[in-house]
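Please read the structure below before turning to the comments.
Heavy-atom basis, side chains included; hydrogens, waters and symmetry copies ignored. For clarity, every value in this text was computed on a predicted model and none was experimentally measured.
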Amino acid sequence: MKSSASDEGTALLERRNMTTVGFIGSGNIGSTVARLAVEAGHHVVLSSSRGPETLADALAELGPRASAATSGEAAAAGDIVVVTVPVDAFPKLPAAPLAGKTVIDTCNYGPERDGHILELDSKSLTSSELLRRYIPDAMLVKAFNNIFFKHLLSLARPAETADRSYLPIAGDSAPAKAAVTEFIESIGYSVVDAGPLADSWRQATGTPVWGTPYGPFSNEKGRPVGEDAIRAALATATR
């Protein structure tokens with residue numbers, strides 16, 4: 001049976017609105033964002049430091065909108081690229097294919113894991129500013145780093161839902177922020193603009209907006225958090 005013109009128009013609109021999201025790193029946050037993205041109709045390209053062949057189980061779970069590749073291939077494929085790796089892995093990132101890309105930085109600094117980095121310990125740089133040194137031509141937006149991965153999965157809600165939660169983002173590029181906001185809204189969250197990348201410390205590990213507003217880790221479902229609570233938590237952060 002032939003499709004109608006309206007059906008073809010709808011299909012074309014859907015194709016135009018689809019985003020391919022590349023993932024450098026497929027840990028807890030990365031795999032959760034990938035799952036939400038697939039459920040929202042996006043395509044995802046996963047990568048892992050252990051190689052694409054190690055992602056077979058993840059692909060089986062995510063279905064036909066997911067594929068696996070090297071980190072460089074995932075970076076090249078993504079309309080948006082999610083970097084979700086330990087801070088000590090920054091020097092290994094594929095800078096060339098990330099040039100000009102909108103990149104979501106989910107990373108948190110942990111000296112016990114990453115080793116001590118003087119500029120982060122002295123707080124002369126944020127971890128996102130350090131990341132920018134390694135991928136200088138990317139447009140960075142800090143997001144998803146302040147929420148427990150199980151809460152991120154369980155608190156996603158459709159638009160206009162009364163208990164929809166908010167996530168902070170920080171970045172210097174207005175177009176990149178707009179693209180990330182659109183993506184986050186598509187996967188079930190609203191956004192609070194937390195300022196430039198230099199202010200991304202306000203959502204770093206141990207700050208009032210990190211983890212706590214969404215409930216304890218022991219409550220895997222978490223609790224919804226509105227805009228005012230996120231703004232208040234960001235405002236009370238100290239460095």
Side-chain angles (χ1 to χ4, degrees), residues 18-98 101-110 112-115 127-128 130-131 134-135 138-156 167 169 176 179-180 183-184 186-189 203-205 210-211 214 217 220 222:
M18 280 192 304
T19 296
T20 296
V21 187
F23 287 81
I24 301 178
S26 298
N28 289 332
I29 285 291
S31 59
T32 301
V33 175
R35 179 173 170 180
L36 293 173
V38 164
E39 290 175 353
H42 302 295
H43 291 272
V44 301
V45 182
L46 306 180
S47 70
S48 167
S49 60
R50 296 171 297 161
E53 66 278 359
T54 66
L55 295 168
D57 289 345
L59 298 183
E61 180 180 346
L62 292 172
R65 289 196 180 99
S67 60
T70 66
S71 60
E73 290 166 344
D79 301 308
I80 292 174
V81 181
V82 179
V83 171
T84 178
V85 298
V87 170
D88 67 356
F90 286 176
K92 302 175 185 176
L93 292 172
L98 290 172
K101 298 271 185 171
T102 293
V103 173
I104 299 176
D105 166 23
T106 80
C107 309
N108 287 316
Y109 173 51
E112 69 289 345
R113 177 197 62 198
D114 300 313
S127 62
S128 291
L130 179 65
L131 173 58
Y134 292 100
I135 50 172
M139 298 178 290
L140 287 181
V141 178
K142 191 79 169 186
F144 299 120
N145 72 302
N146 74 307
I147 186 170
F148 182 40
F149 74 98
K150 291 184 178 179
H151 294 167
L152 179 62
L153 181 62
S154 65
L155 290 174
L167 295 171
I169 67 170
V180 172
F183 172 65
I184 291 175
S186 77
I187 66 171
Y189 287 85
Q203 62 198 73
T205 305
W210 184 80
Y214 307 98
F217 291 176
E220 294 186 0

Taking [X] for the side chain and [Y] for the main chain, is one N or O donor matched with an acceptor at less than 3.5 Å?
| X | Y | value |
| --- | --- | --- |
| Tyr134 | Ala89 | no |
| Asp105 | Leu140 | no |
| Ser48 | Arg50 | yes |
| Tyr109 | Val87 | no |
| Lys101 | Ala76 | yes |

With the side chain counted from C-beta on, respond yes when [X] and [Y] share a heavy-atom pair under 4.5 Å apart, and no when they do not.
| X | Y | result |
| --- | --- | --- |
| Tyr214 | Asn146 | yes |
| Tyr189 | Leu155 | yes |
| Thr32 | Phe144 | no |

Do [X] and [Y] have side-chain atoms, one donor and one acceptor, less than 3.5 Å apart?
| X | Y | result |
| --- | --- | --- |
| Lys92 | Ser71 | no |
| His42 | Thr20 | no |
| Thr84 | Thr106 | yes |

Item to complete: Please assess Leu46 against Leu62 for the test side-chain contact (heavy atoms from CB on, under 4.5 Å), listing each intermediate value before the final yes or no.
Response: CA-CA 11 Å; Leu46 306 180; Leu62 292 172; 3.8 Å; yes

Discussion item. Over 60° means perpendicular and under 30° means parallel, so tell me whether Phe148 and Phe217 are parallel, tilted or perpendicular.
Written reply: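 If you compare the ring of Phe148 with that of Phe217, the planes turn out parallel.
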
Item to complete: Any chance you could measure Thr19, atom OG1, to Ile187, atom CD1, to the nearest 0.5 Å?
Response: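 Atom-to-atom, Thr19:OG1 and Ile187:CD1 are 11.0 Å apart.
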
Discussion item. Can you tell me if Arg113 has over 12 outside heavy atoms packed within less than 6.0 Å of its CZ?
Written reply: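 Atom CZ in Arg113 is packed in, count exceeds 12.
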
